[in-house]
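Encoded as structure tokens, the structure appears first; notes follow it.
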Amino acid sequence: MPELPEVETIRIALRQGGRNGPALRGRTILSARLLWEGSLAEPSPAEFLDRIRRQRFEDFTRRGKFIVAQLTRDTLLIHLRMSGDLRVEPACDEQGQSLAPAEHDRVVLYCDDNLRLAFNDTRKFGRMWLTSDPQRVLGRLGPEPLAEDFNAEEFYRRLQKKHRQLKPLLLDQNFLAGLGNIYTDEALHLAGIHPCQISDQLTSDQTRRLWQAIREVLQSGIRHNGASIDWVYRGGNFQNTFRVYGRAGKPCPVCGHPIERRLVGQRGTHFCPVCQPAVYNVSSEV
DNA sequence: CCTGAAACCTGTCTGC
DNA sequence: TGCAGACAGGTTTCAG
């Protein structure tokens, strides 16, 4: 499911209430339940269960695709990976009966005000970290694409330092934090740049278009509360505005030519061969 | 430094 | 209908 806009949508709901239940900000954790220990990256299950008690959710921020929950003493980092989701819901019904966890719930945090936070993750790829040093986990992430100080000149410098295909490079969280498969394909199409273009061959004009396109698709995704795909993520409706993602064989919204799908860096990649022409490369003569 | 393959998992969809 | 295979929003690790 979750790329930057989906994670941001969930983060805002945790902070202010909304899509997945009431706000959790200000609630104190009373106890925790681990239904799948593999969902916990650190510390050990015993230490986690003990240490998280009596800590309050002070604030929710985001770094790349990580939800950063600031607690009283520690930081709880949550990465949803492919199929993770978070719900805030009552812990007990009107009769005071505790409600059973849902299918695929992996971690449940029970709070005051009869609320609980459920971490649901069908594919078990998601992870939580309870740590006093979040930088140890987040430290290598690339810049935030929507940050004020992430400008086109900085982006150009970073692209020129690498010699890699754009698609896998943009998916590399240490290069830029937050893009996933959907928003990368959408941004490249909006910018009119081929996904296999090599990063240090981009002109400064192309770079500016790509920088602008990345920010536009992410902001548009956030405005739409993210994209709902298949059975995994319920919520936003950005999927209704997809230009290329999941549209192989259908007409390009700009020129009408069929959208092509091929594997690039082991990821399904959607693009318009007319609007995103391959660059003729002198050094790779046929 | 870069690329590709495999691994971690469960579920859905397509084609034979 | 059954069943095998491909594919899925992500990341890490390892071999070359």
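Below, chain A is the first sequence line, B the second, and so on; all start at residue 1.
Here dG10(C) presents its P atom at 6 Å from CG of Asn181(A), a figure rounded to the nearest Å. Between the CG atom of Asn174(A) and the P atom of dT13(C) there is a distance of 11 Å, rounded to whole Å. Going from atom CG of Leu138(A) over to atom C1' of dT11(C) covers 14 Å, rounded to whole Å. The interatomic distance linking Ile78(A) (CD1) with dT11(C) (P) rounds to 15 Å, in whole Å. Counting to the nearest Å, the P atom of dC2(B) and the CG atom of Asp200(A) are 10 Å from each other. Here the P atom of nucleotide dT11(C) and the CG atom of Leu176(A) are 12 Å apart, to the nearest Å.
Separation of atoms CG (Leu179(A)) and NZ (Lys65(A)) is listed at 7.5 Å; rounding is to 0.5 Å.
Side-chain N or O atoms of Arg127(A) include none that pairs as donor or acceptor with a backbone N or O of Ala41(A) at under 3.5 Å. In this structure, the side chain of Gln276(A) engages the main chain of Cys272(A) through a donor-acceptor pair within 3.5 Å. Side chain of Gln97(A) to main chain of Cys92(A): no donor-acceptor pair is present (N/O by atom type, distance under 3.5 Å, no hydrogens or angles).
Distances were taken from every side-chain heavy atom of His104(A) (C-beta onward) to each of dC9(B), dG4(B), dT10(B); the shortest belongs to dT10(B). Here the nucleotide nearest the side chain of Arg81(A), chosen from dA8(C), dT12(C), dC9(B), is dT12(C). Of all nucleotides listed (dC9(B), dC2(B), dG11(B)), dC2(B) comes nearest to the side chain of Arg164(A). Among the nucleotides dC9(B), dC2(B), dG10(C), the one closest to any side-chain atom of Arg267(A) is dG10(C).
For the OP1/OP2 pair of dT11(C) and a distance below 4.0 Å, the side-chain nitrogens and oxygens of Lys65(A) include at least one atom meeting the criterion. The side chain of Arg127(A) contributes no N or O atom lying less than 4.0 Å from OP1 or OP2 of dC9(B). Regarding contacts with the backbone of dC8(B), every side-chain N or O of Lys124(A) stays at 4.0 angstrom or more from both OP1 and OP2. Contact check, Lys162(A) against dC2(B): a side-chain N or O comes under 4.0 Å of OP1 or OP2. Residue His79(A) places at least one side-chain N or O closer than 4.0 Å to OP1 or OP2 of dT11(C).
Residue-level contact check: Tyr245(A) touches the backbone only, with heavy atoms under 4.0 Å from sugar-phosphate atoms and none from bases.
Rounded to whole Å, the separation between the P atoms of dC7(C) and dA5(B) comes to 13 Å.
Stacking here means ring centres nearer than 5.5 Å and ring planes tilted less than 30 degrees, and by that measure Phe125(A) does not stack onto dT11(C).
A cation-pi arrangement is not found for Arg33(A) relative to Tyr110(A), the charged atom failing to lie both closer than 6.0 Å to the ring centre and inside a 45° cone about the ring normal.
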